[in-house]
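Notes to accompany the following structure.
Quick caveat: nothing in here was measured; it's all calculated off a predicted structure.
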Amino acid sequence: MFTGIVTDQGEIRTLVPRGDLKARIATGYDTGTIEIGASIACDGVCLTATALGEDWFEVDISAETVSKTNLDNWAEGRRINVERALR
C-alpha cells in the first residue's frame, strides 16, 4: 500500500530492453533500508526491487506493465517520482 506522497525524485540511469525491461534508478533513499522484493512506486507504478547498489535500485518491468502504463515514455536521464510502500 502506498500513501500517494512522493518522497524522492529518482533518475533513470539505465534501461535494458529484453522483451521485458530492466531499469536502474538512482535514488536518495538509504538503499541499506531497502530489501530485495520491496515494492517501490515509480511514476505511480508499483514495481519490485530486484537488485541494490549504494545509491540505486533495479526493477524488472514486464512488457504487459509497460503497455498498460506511462513507462514506455521512460528514457535514461529522466527524473521520476519515487515512493516507498507503507509497512
Side-chain angles (χ1 to χ4, degrees):
M1 176 186 270
F2 296 91
T3 64
I5 300 170
V6 173
T7 55
D8 188 29
Q9 280 241 308
E11 181 180 331
I12 300 170
R13 286 198 178 154
T14 60
L15 287 173
V16 180
R18 295 189 234 165
D20 293 339
L21 188 63
K22 178 181 283 293
R24 179 172 288 184
I25 301 168
T27 183
Y29 293 143
D30 174 1
T31 57
T33 65
I34 299 173
E35 294 183 22
I36 300 295
S39 294
I40 301 177
C42 299
D43 273 355
V45 179
C46 180
L47 300 173
T48 302
T50 58
L52 299 167
E54 186 174 312
D55 64 347
W56 55 266
F57 62 92
E58 285 185 349
V59 293
D60 292 327
I61 309 162
S62 72
E64 181 73 7
T65 297
V66 172
S67 75
K68 302 288 189 249
T69 63
N70 65 346
L71 303 188
D72 61 341
N73 294 324
W74 277 14
E76 291 180 6
R78 179 182 171 135
R79 305 283 297 167
I80 61 170
N81 293 326
V82 182
E83 177 191 355
R84 295 181 69 174
L86 291 172
R87 291 192 182 268

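With hydrogens and angles ignored, the 3.5 Å screen pairs a side-chain donor or acceptor of E83 with a backbone N or O of T3. Between the side chain of D8 and the backbone N or O of G28 there is at least one donor-acceptor pair closer than 3.5 Å.
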Show me, pair by pair, the donor-acceptor contacts under 3.5 angstrom made by side chains of residues 33-41, not counting sequence neighbours?
{"unit_1": "T33", "atom_1": "OG1", "unit_2": "D30", "atom_2": "O", "d": "2.6"}
{"unit_1": "T33", "atom_1": "OG1", "unit_2": "R84", "atom_2": "NH1", "d": "2.8"}

Contacts under 3.5 angstrom, residues 10-17 side chains, donor-acceptor by atom type, not counting sequence neighbours:
{"unit_1": "R13", "atom_1": "NH1", "unit_2": "D55", "atom_2": "OD1", "d": "3.0"}
{"unit_1": "R13", "atom_1": "NH2", "unit_2": "D55", "atom_2": "OD1", "d": "3.3"}
{"unit_1": "R13", "atom_1": "NH2", "unit_2": "D55", "atom_2": "OD2", "d": "2.7"}

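A continuous path of Ile, Leu, Val, Met, Phe, Trp and Tyr side chains, each step under 4.5 Å between heavy atoms, connects Y29 with V45, placing both in one hydrophobic cluster.
By the side chain to side chain donor-acceptor pair (under 3.5 Å) test, D20 is found to be paired with no residue, residues two or more places apart in sequence or in another chain being considered. Considering only residues two or more places apart in sequence or on other chains, D72 meets the side chain to side chain donor-acceptor pair (under 3.5 Å) condition with none of them. Listed by chain and number, the residues in a side chain to side chain donor-acceptor pair (under 3.5 Å) with W74 are D43 (sequence neighbours excluded). Taking the side chain to side chain contact (heavy atoms under 4.5 Å, CB included) definition, one finds that V59 meets it with A23, I25, L47, F57, I61, sequence neighbours left out.
Put simply, OG1 on T27 and CZ on R24 are 13.5 Å apart, with the number rounded to the nearest 0.5 Å. Distance check: N81 CG to I5 CD1 gives 12.5 Å after rounding to the nearest 0.5 Å.
L52 is not listed as a side-chain neighbour of E58, based on a closest heavy-atom distance of 4.5 Å or more.
Closest approach of D60 and K22 over heavy atoms only: OD1-NZ, 2.9 Å.
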